Engineer: 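To start, I am sharing the structure in question, which I have written as C-alpha cells.
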Amino acid sequence: MIADPTSDRTLRYADEITRADQNSIRQFIDARLQPHVDDAEGNQDKWAAAYGLMSLVSDINMSLEIELNLREKHPESLVHRRGVRREWNRLASLAGRWNGLHDGYDHDRWRRTPFLDSEEEAAWEAERARIIAHSEADEDASD
C-alpha cells in the first residue's frame with residue numbers, strides 16, 4: 001500500500017511529527033527486533049547484532065524525545081526543529097525496511113521528511129527552478 005499524499009494523516013513536514021508518531025514507530029520497530037534478540041540466545045554474534053540494533057533504536061528514540069521536548073519549549077529554534085527531522089528520518093528509514101511486510105506499517109505517517117514546513121519546501125523549489133533556469137541559459141549560450 002502506498003501513502004496517499006492527499007490524506008489528512010499523511011506526514012509531509014518534520015514540524016508535523018508528534019509524540020504519537022514517535023511512540024508508534026518505536027513500538028513497531030521494537031516488535032520486529034525483539035524476537036531476534038530472543039531467538040539469538042546462545043549465539044553471541046547474533047545476540048550482539050540484534051541487541052546492538054535495539055540499543056541503537058533506543059538511542060535514536062531518546063535523541064528524538066529530547067529534540068521534541070526542546071522544540072516544544074523553543075518552537076522557533078531551527079536547531080531543534082532540524083534535530084527532530086534528523087532523528088525522525090533515522091527511525092523512518094529503519095522502519096521503512098518493513099514497508100509492505102507487515103500490516104501494522106503506517107504508510108501515511110512513517111515517512112522521511114526532507115522539509116521542516118511548506119515554506120522550506122517552497123524555498124527549495126524556487127532555488128531548484130533558479131538553478132535549472134540558469135543551467136538552461138548557460139546551455140543556450142554555448143550553442
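Remember, it's a predicted structure, so these values are computed and weren't measured experimentally. Nothing fancy with the numbering, it's 1 onward along the sequence. Hydrogens, waters and symmetry mates play no part in the numbers below; they use all other heavy atoms, side chains included.
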Engineer: Whether D117 and R81 form a salt bridge (side-chain N of Lys/Arg under 4.0 Å from carboxylate O of Asp/Glu) is what I want to check.
Structural biologist: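 Yes.
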Engineer: Calculate, to the nearest 0.5 Å, the distance between atoms CG and CD belonging to L70 and E67 respectively.
Structural biologist: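 Here the rounded value is 6.0 Å.
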Engineer: Evaluate the side chain to side chain contact (heavy atoms under 4.5 Å, CB included) criterion for residues S93 and R112: first the C-alpha distance (whole Å), next the side-chain angles of each, then the deciding distance (0.1 Å), finally the verdict.
Structural biologist: CA-CA 7 Å; S93 181; R112 292 179 51 86; 3.7 Å; yes
Engineer: With the side chain counted from C-beta on, respond yes when R12 and E121 share a heavy-atom pair under 4.5 Å apart, and no when they do not.
Structural biologist: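 In contact.
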Engineer: For Y105 and H107, take the angle between the two ring planes, folded into 0 to 90°, and tell me which bin it lands in: parallel under 30, tilted 30 to 60, perpendicular over 60.
Structural biologist: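 Rings of Y105 and H107: perpendicular, as their planes differ by over 60°.
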Engineer: Any chance you could measure D59, atom CG, to M62, atom CE, to the nearest 0.5 Å?
Structural biologist: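 Atom-to-atom, D59:CG and M62:CE are 8.5 Å apart.
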Engineer: Side chains of W88 and L11, heavy atoms from C-beta outward: is any pair under 4.5 Å?
Structural biologist: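 Yes; the side chains approach each other to less than 4.5 Å.
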Engineer: Examine F115 and I17 and state if one hydrophobic cluster contains both, with Ile, Leu, Val, Met, Phe, Trp and Tyr joined whenever side-chain heavy atoms are less than 4.5 Å apart.
Structural biologist: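 F115 and I17: separate clusters.
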Engineer: Does the side chain of R9 come within less than 4.5 Å of D106's, by heavy atoms?
Structural biologist: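 Counting from C-beta outward, D106 and R9 do come under 4.5 Å.
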Engineer: For the pair L68 and Q22, evaluate side chain to side chain contact (heavy atoms under 4.5 Å, CB included) and give the outcome as yes or no after the intermediate values.
Structural biologist: CA-CA 9 Å; L68 284 167; Q22 175 196 15; 3.4 Å; yes
Engineer: How long is the straight-line distance from CZ of R130 back to CD of E125, given to the nearest 0.5 Å?
Structural biologist: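 If I round to the nearest 0.5 Å, the distance is 14.0 Å.
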Engineer: Please round to the nearest 0.5 Å and tell me the distance separating atom CD of E72 and atom NE2 of H80.
Structural biologist: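 Answer rounded to 0.5 Å: 12.0 Å.
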Engineer: State the CD-CD1 distance between E127 and I132, to the nearest 0.5 angstrom.
Structural biologist: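 Here the interatomic distance stands at 10.5 Å.
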Engineer: Evaluate the side-chain proximity of L78 to L116: yes if any heavy-atom separation is below 4.5 Å, no if none is.
Structural biologist: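 Contact flag for L116/L78 side chains = yes.
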Engineer: On the ring face of F28, is R26 found with NZ or CZ under 6.0 Å from the centre and within 45° of the axis?
Structural biologist: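 Cation-pi check for R26 and F28: fails.
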Engineer: Could you walk me through whether R111 and E16 satisfy the salt bridge (Lys or Arg N to Asp or Glu O under 4.0 Å) test, starting with their C-alpha distance in whole Å, then the side-chain angles of each, then the deciding distance to 0.1 Å, before giving a yes or no?
Structural biologist: CA-CA 11 Å; R111 310 171 73 182; E16 299 170 352; over 6 Å; no
Engineer: List the steps, then state whether side chain to side chain contact (heavy atoms under 4.5 Å, CB included) holds for R71 with R85.
Structural biologist: CA-CA 11 Å; R71 185 184 73 180; R85 177 180 60 194; over 6 Å; no
Engineer: Any chain of hydrophobic side-chain contacts (each under 4.5 Å) joining L56 to L33?
Structural biologist: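 L56 and L33: one cluster.
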Engineer: Can you name the nearest heavy-atom pair linking D21 to W110, along with the distance?
Structural biologist: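 Reported closest heavy-atom pair: O-NE1, 4.2 Å.
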Engineer: For residues 38-46, run the donor-acceptor check on the side chains, cut-off 3.5 Å, and write out each pair with its distance to 0.1 Å, sequence neighbours left out.
Structural biologist:
| unit_1 | atom_1 | unit_2 | atom_2 | d |
| --- | --- | --- | --- | --- |
| D38 | OD1 | Q34 | NE2 | 2.8 |
| N43 | OD1 | D45 | N | 3.2 |
| N43 | OD1 | K46 | N | 3.1 |

Engineer: Determine yes or no for a side-chain-to-main-chain donor-acceptor pair under 3.5 angstrom, with S135 supplying the side chain and I131 the backbone.
Structural biologist: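 Answer holds: no.
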Engineer: Under the side chain to side chain donor-acceptor pair (under 3.5 Å) criterion, do S58 and N61 qualify, and how do the steps go?
Structural biologist: CA-CA 5 Å; S58 179; N61 189 64; over 6 Å; no
Engineer: Distance from L91 atom CG to I29 atom CD1, nearest 0.5 Å?
Structural biologist: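 The distance works out to 5.0 Å.
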Engineer: Would you say V84 and Y13 are hydrophobically clustered, going by side-chain heavy atoms of ILVMFWY under 4.5 Å?
Structural biologist: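 No: no chain of side-chain contacts under 4.5 Å links V84 to Y13.
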Engineer: Determine, for R19 against E65, whether the closest basic-nitrogen to carboxylate-oxygen distance falls under 4.0 angstrom.
Structural biologist: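 Judged by the 4.0 Å cut-off on N to carboxylate O distance, R19 and E65 do form a salt bridge.
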Engineer: Which atoms form the tightest heavy-atom contact between H36 and R32, and what is the distance?
Structural biologist: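 Closest approach of H36 to R32: CD2-O, 3.1 Å.
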Engineer: Decide side chain to side chain contact (heavy atoms under 4.5 Å, CB included) for T113 and N89; before the verdict, give the C-alpha distance in whole Å, the side-chain angles of both, and the deciding distance to 0.1 Å.
Structural biologist: CA-CA 7 Å; T113 57; N89 284 343; 3.5 Å; yes
